[in-house]
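Read through the structure below, which is laid out as structure tokens, and then see the notes.
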Amino acid sequence: MFKKSTHMTIKYTKNDNGDFVCPDCGIIKKRQNSMHYHMKKHMEELKHVCQECKKGFLQKQTLDLHMKSKHSELIDDSEKKFKCPFDNCEFIALTKGNCIIHCLRSHCQEEIKQIMEVSKETKTISCTSCEKTFSSSCGFYYHAKGCVQFKDEDKLEMLQEIL
DNA sequence: TAGCGCCCCCTGCTGGG
DNA sequence: CCCAGCAGGGGGCGCTA
């Protein structure tokens, strides 16, 4: 079992296959960094703490995102936000992924329709181009950036700014 | 090689229409 | 109820000691 200390060095255990085994719950991970993340959860090591509201996060990126969204007045204006590259659209997203999803959803509906297949039964969305299935529309749209075909070169050029 | 940071991808939740 | 956007976790890649 782990002691809940933020200064504790993590020790990793491997099984005969060379996979990483969690000594706490026995879960197996192929990669060390995946186990690192998993074990941190056991240790409740939320070392990335927001100085403003004292909320803790597992990952620095999550804290950065939190700072951008909740305390944007405290950070440098040059901090990266992702603006929609399409003309006459003022949409700004906190993450690149969310910006891509917005662009495809709002500006590329025609192209998306060509590869989007919605199942009302299973409430999933499939890509007819590669037959991959997603449980949420966001997942599909994010994936679609790699499968969708553009006839309009200007549109493709604008999208490439954020891809 | 162990340990960890960065970033991409995906998912679940929430709020508004 | 549906859809768009937000927020956060999982995992791959690559760097450093």
Side-chain angles (χ1 to χ4, degrees), chain A residues 2 5-15 17-50 52-72 74-75 79-86 89-113 115-127 129-148 159-163:
Chain A
F2 297 107
S5 161
T6 54
H7 301 294
M8 183 178 160
T9 305
I10 296 174
K11 294 290 175 198
Y12 297 93
T13 317
K14 286 185 178 180
N15 65 11
N17 297 328
D19 296 331
F20 291 87
V21 183
C22 175
D24 206 28
C25 66
I27 195 170
I28 295 168
K29 299 281 182 186
K30 289 273 179 206
R31 295 186 62 90
Q32 185 198 34
N33 68 325
S34 302
M35 181 55 71
H36 174 73
Y37 179 81
H38 171 82
M39 287 168 80
K40 272 181 164 180
K41 286 206 294 193
H42 282 304
M43 294 158 69
E44 295 179 9
E45 188 181 357
L46 302 174
K47 68 176 182 181
H48 301 287
V49 179
C50 173
E52 194 62 14
C53 60
K54 309 298 177 197
K55 194 176 174 189
F57 301 91
L58 285 172
Q59 298 181 329
K60 180 178 175 294
Q61 60 170 20
T62 310
L63 173 60
D64 288 344
L65 188 64
H66 167 82
M67 291 300 288
K68 278 194 227 175
S69 64
K70 306 292 181 192
H71 312 296
S72 58
L74 299 176
I75 57 176
E79 274 295 315
K80 246 185 173 177
K81 288 188 181 177
F82 298 89
K83 188 185 175 310
C84 176
F86 284 84
C89 179
E90 295 301 312
F91 178 83
I92 295 173
L94 293 171
T95 69
K96 186 180 173 182
N98 288 342
C99 188
I100 290 169
I101 292 165
H102 158 83
C103 289
L104 292 174
R105 228 175 209 164
S106 305
H107 306 295
C108 308
Q109 289 174 357
E110 284 304 308
E111 291 85 350
I112 289 293
K113 270 186 205 165
I115 60 166
M116 187 181 199
E117 193 172 79
V118 182
S119 166
K120 298 224 170 181
E121 270 180 36
T122 57
K123 293 189 177 175
T124 56
I125 301 174
S126 304
C127 173
S129 176
C130 66
E131 299 188 349
K132 225 179 152 186
T133 301
F134 299 85
S135 59
S136 73
S137 64
C138 289
F140 169 78
Y141 279 105
Y142 192 87
H143 159 85
K145 73 183 173 43
C147 285
V148 71
L159 269 176
Q160 276 171 347
E161 284 181 33
I162 57 162
L163 294 181

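Worth saying up front: this structure is predicted, and the values here are computed from it rather than measured. The sequence lines fix the lettering, A, B, ..., with proteins before strands; numbering per chain opens at 1.
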Distance in angstrom units between [X] [atom1] and [N] [atom2], rounded:
| X | N | atom1 | atom2 | answer |
| --- | --- | --- | --- | --- |
| A:Ile125 | C:dA4 | CD1 | P | 10 Å |
| A:Ile100 | C:dA4 | CD1 | P | 17 Å |
| A:Met67 | C:dG8 | CE | P | 13 Å |
| A:Leu104 | C:dA4 | CG | C1' | 13 Å |
| A:Lys123 | B:dT11 | NZ | P | 17 Å |
| A:Phe91 | C:dA4 | CZ | C1' | 8 Å |
| A:Leu94 | C:dG9 | CG | P | 16 Å |
| A:Asn98 | B:dT11 | CG | P | 14 Å |

Are any non-hydrogen side-chain atoms of [X] and [Y] less than 4.5 angstrom apart?
| X | Y | value |
| --- | --- | --- |
| A:Cys103 | A:Ile162 | yes |
| A:Thr133 | A:Ser119 | no |
| A:Lys145 | A:Leu104 | yes |
| A:Cys130 | A:His143 | yes |
| A:Ile100 | A:Tyr141 | no |

Phosphate OP1/OP2 of [N] contacted by [X] side-chain N/O (<4.0 Å):
| X | N | value |
| --- | --- | --- |
| A:Thr62 | C:dG9 | yes |
| A:Lys96 | B:dC7 | no |
| A:Lys132 | B:dC10 | yes |

Keeping the roles fixed (side chain from A:Glu131, backbone from A:Cys127), state whether a donor-acceptor pair exists under 3.5 Å. no
Starting the side chain at C-beta, find the nucleotide from C:dC6, C:dG5, C:dA7 nearest to A:Ala93. C:dC6
Over 60° means perpendicular and under 30° means parallel, so tell me whether A:Phe86 and A:His107 are parallel, tilted or perpendicular. parallel
For DNA chain B, find the residues of residues 134-145 of chain A with a heavy-atom distance under 4.0 Å and give them by number; none if there aren't any. A:Phe134, A:Ser135, A:Ser136, A:Cys138, A:Gly139, A:Tyr142, A:His143, A:Lys145
